Amino acid sequence: SHPTHAPRPSPTLCHLHHHRVTDQAFVTLAADDVYCQGALVLGQSLRNHKTSRKLAVLVTPEVSSGMRSVLSSVFDEVIEVDVLDSADSVHLALMQRPELGVTFTKLHCWTLTHYSKCVFMDADTLVLCNVDELFDREEFSAAPDSGWPDCFNSGVFVFRPSLRTYNLLLRFAAEHGSFDGGDQGLLNSFFSNWATADIGKHLPFLYNLSSSSVYTYVPAFNHFGRDAKVVHFLGATKPWNYKYNLQTRRVMQDGTTSGSFHQLSFLALWWNIYSASILPLLEKHQKMEDSE
Ligand code: UDP
Ligand code: MN
């Protein structure tokens with residue numbers, strides 16, 4: 001029976017909760033085995049919070065077959081994307097610009113046209129609760145970048161797969177490049193009216209909370225931070241670069257890693273998922289390989 005103080009979930013909500021939406025997906029990218037660790041924790045965090053959407057991960061040819069099979073136990077789809085699999089002139093022009101390599105790889109998410117709508121999330125993000133309501137948003141929705149808030153951060157965004165958009169993006173990349181050398185500069189130039197056109201396409205910062213800005217605006221974090229929905233470990237040091245003590249369940253800090261208490265608690269959350277759910281998968285797979 002329901003406790004008297006808790007409202008019964010409405011029939012509609014119940015229905016939504018159990019309904020699996022097969023034409024929408026969360027999409028991430030792992031260009032190498034190291035970033036696969038992030039993708040696995042992200043995928044597991046989406047599963048833990050019972051997403052009703054599909055999970056897809058883009059991998060490059062560099063990702064090992066062992067990692068792919070571990071990825072496929074968390075994700076519904078592991079999709080290889082290859083820079084060289086198409087030979088039109090735009091691809092050729094882009095291949096003259098190796099600095100756009102990773103950028104190019106992320107753009108492949110627009111080719112997933114078996115989905116009507118997707119949410120892209122960097123492999124260094126982690127969901128803290130169910131965020132399926134992001135699918136109520138339209139292309140192109142994203143949260144402000146903490147470094148330059150008139151730009152969006154491209155670590156979390158809502159988009160509609162479309163080969164037309166994909167080709168326009170490739171052409172734009174070949175013609176204009178990227179002002180920051182990465183996907184974020186390119187996407188901000190392409191979706192250039194994001195800052196001014198439609199506030200509905202501004203995701204709350206809580207959907208892409210960069211761990212570094214938690215540090216730079218502590219009072220805001222103390223006031224709003226409890227409602228954080230997605231943490232983004234952006235910057236050079238990723239969660240998997242830290243050391244973690246499996247016995248004490250603590251992230252270890254040496255002289256080179258500094259962080260606020262909140263950064264550390266998000267790191268600990270990442271490591272909890274990694275040690276509880278991902279390490280056993282990796283070990284199980286290793287055992288299977290050894291016995292072959
Ligand atoms: N990425 C990857 N391997 C790399 C660099 C980037 O797989 O060596 C992918 C991964 O999905 C990552 C995203 O590209 O989350 C964007 O890069 P990153 O998160 O490192 O950039 P930041 O958010 O720190 O600016
Ligand atoms: Mn990132």
Side-chain angles (χ1 to χ4, degrees), residues 27-29 31 34-35 38-39 41-42 97 99-107 109 119-128 131 134 137 139-159 169 172-173 176-242 253 256-267 269-270:
V27 180
T28 189
L29 161 68
V34 172
Y35 272 80
V41 170
L42 167 64
R97 310 187 55 147
E99 81 278 8
L100 292 173
V102 176
T103 302
F104 186 92
T105 314
K106 206 189 251 193
L107 299 184
C109 67
V119 173
F120 182 90
M121 300 186 74
D122 266 8
D124 60 344
T125 61
L126 174 67
V127 307
L128 306 177
V131 292
L134 283 172
R137 305 272 178 161
E139 176 171 280
F140 181 97
S141 296
D145 184 80
S146 61
W148 193 265
D150 284 346
C151 287
F152 54 80
N153 182 279
S154 62
V156 177
F157 59 85
V158 183
F159 70 101
L169 276 162
F172 192 91
H176 305 280
S178 163
F179 69 77
D180 67 1
D183 59 280
Q184 182 160 313
L186 172 70
L187 289 171
N188 269 279
S189 299
F190 189 81
F191 295 104
S192 62
N193 67 358
W194 173 85
T196 52
D198 181 357
I199 196 69
K201 293 179 179 176
H202 285 229
L203 299 180
F205 189 58
L206 296 169
Y207 286 97
N208 187 346
L209 189 78
S210 65
S211 38
S212 58
S213 55
V214 170
Y215 189 59
T216 57
Y217 196 179
V218 175
F221 180 79
N222 290 340
H223 191 63
F224 299 111
R226 72 186 72 234
D227 298 323
K229 295 172 189 293
V230 179
V231 179
H232 186 182
F233 298 97
L234 63 82
T237 314
K238 300 305 185 192
W240 51 86
N241 298 130
Y242 289 81
Q253 280 188 290
T256 60
T257 58
S258 66
S260 68
F261 167 74
H262 296 294
Q263 275 175 281
L264 278 174
S265 65
F266 289 137
L267 274 174
L269 200 58
W270 189 96

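Note: hydrogens, waters and symmetry copies are ignored here, and every other heavy atom, side chains too, is used. Keep in mind that what you see is a predicted model, and the values were worked out from it rather than measured.
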Inter-residue atom distance L203.CG - N208.CG, 0.5 Å rounding
8.0 Å
Can you tell me how far apart CG (L107) and CG (L187) are? Round to the nearest 0.5 Å.
6.0 Å
Looking at every non-hydrogen atom in both residues, tell me the closest pair between F179 and C151 and how far apart they are.
CZ-SG, 4.2 Å
Report yes or no: does D198 contribute a side-chain atom to a donor-acceptor pair with the main-chain N or O of G200 at less than 3.5 Å?
yes
Minimum heavy-atom separation for V158 to V119, with atom names?
CG2-CG2, 4.1 Å
Could you tell me which non-hydrogen atom of S154 sits nearest to which non-hydrogen atom of Q184, and how far apart they are?
N-OE1, 3.0 Å
Less than 4.5 Å apart, side chain to side chain, heavy atoms only: is that true for F190 and H176?
no
Where is the tightest heavy-atom contact between F157 and K106, given as atom of each residue plus distance?
CE2-CD, 4.3 Å
Under the criterion side-chain contact (heavy atoms from CB on, under 4.5 Å), I'd like the reasoning laid out for L29 against Y35: C-alpha separation, chi angles, the key distance, then a yes or no.
CA-CA 8 Å; L29 161 68; Y35 272 80; over 6 Å; no
Measure the shortest side-chain to side-chain distance between F266 and L126 over non-hydrogen atoms and say whether it is less than 4.5 angstrom.
no
What distance do R226 atom CZ and L206 atom CG have between them, rounded to the nearest 0.5 Å?
12.0 Å
Between F140 and F152, does the ring-ring contact (aromatic ring centres under 6.0 Å, His included) criterion hold? Intermediate values first, please.
CA-CA 10 Å; F140 181 97; F152 54 80; 4.6 Å; yes
Side-chain touch F205/P149, heavy atoms, less than 4.5 angstrom:
no
Test log, rule side-chain contact (heavy atoms from CB on, under 4.5 Å), inputs E139 and F191:
CA-CA 10 Å; E139 176 171 280; F191 295 104; 4.1 Å; yes
Give, for atom CZ of F233 and atom OG1 of T125, the distance between the pair rounded to the nearest 0.5 Å.
9.0 Å
Side-chain contact, heavy-atom cut-off 4.5 Å: V231 with L269?
no
Main-chain N/O of G185 paired to D180 side chain as donor or acceptor, under 3.5 Å:
yes
Spatial distance of atom CH2 (W194) from atom OG (S141) [nearest 0.5 Å]
9.5 Å
State the CZ-SG distance between F120 and C109, to the nearest 0.5 angstrom.
6.0 Å
If you define the side chain from C-beta out and look only at heavy atoms, does anything of V230 sit under 4.5 Å from M121?
yes
Check A236 against N241 and note the closest heavy-atom contact, atom names and distance.
O-OD1, 3.8 Å
In terms of heavy-atom contacts, R137 and H202 come closest through NH1-O, 3.6 Å
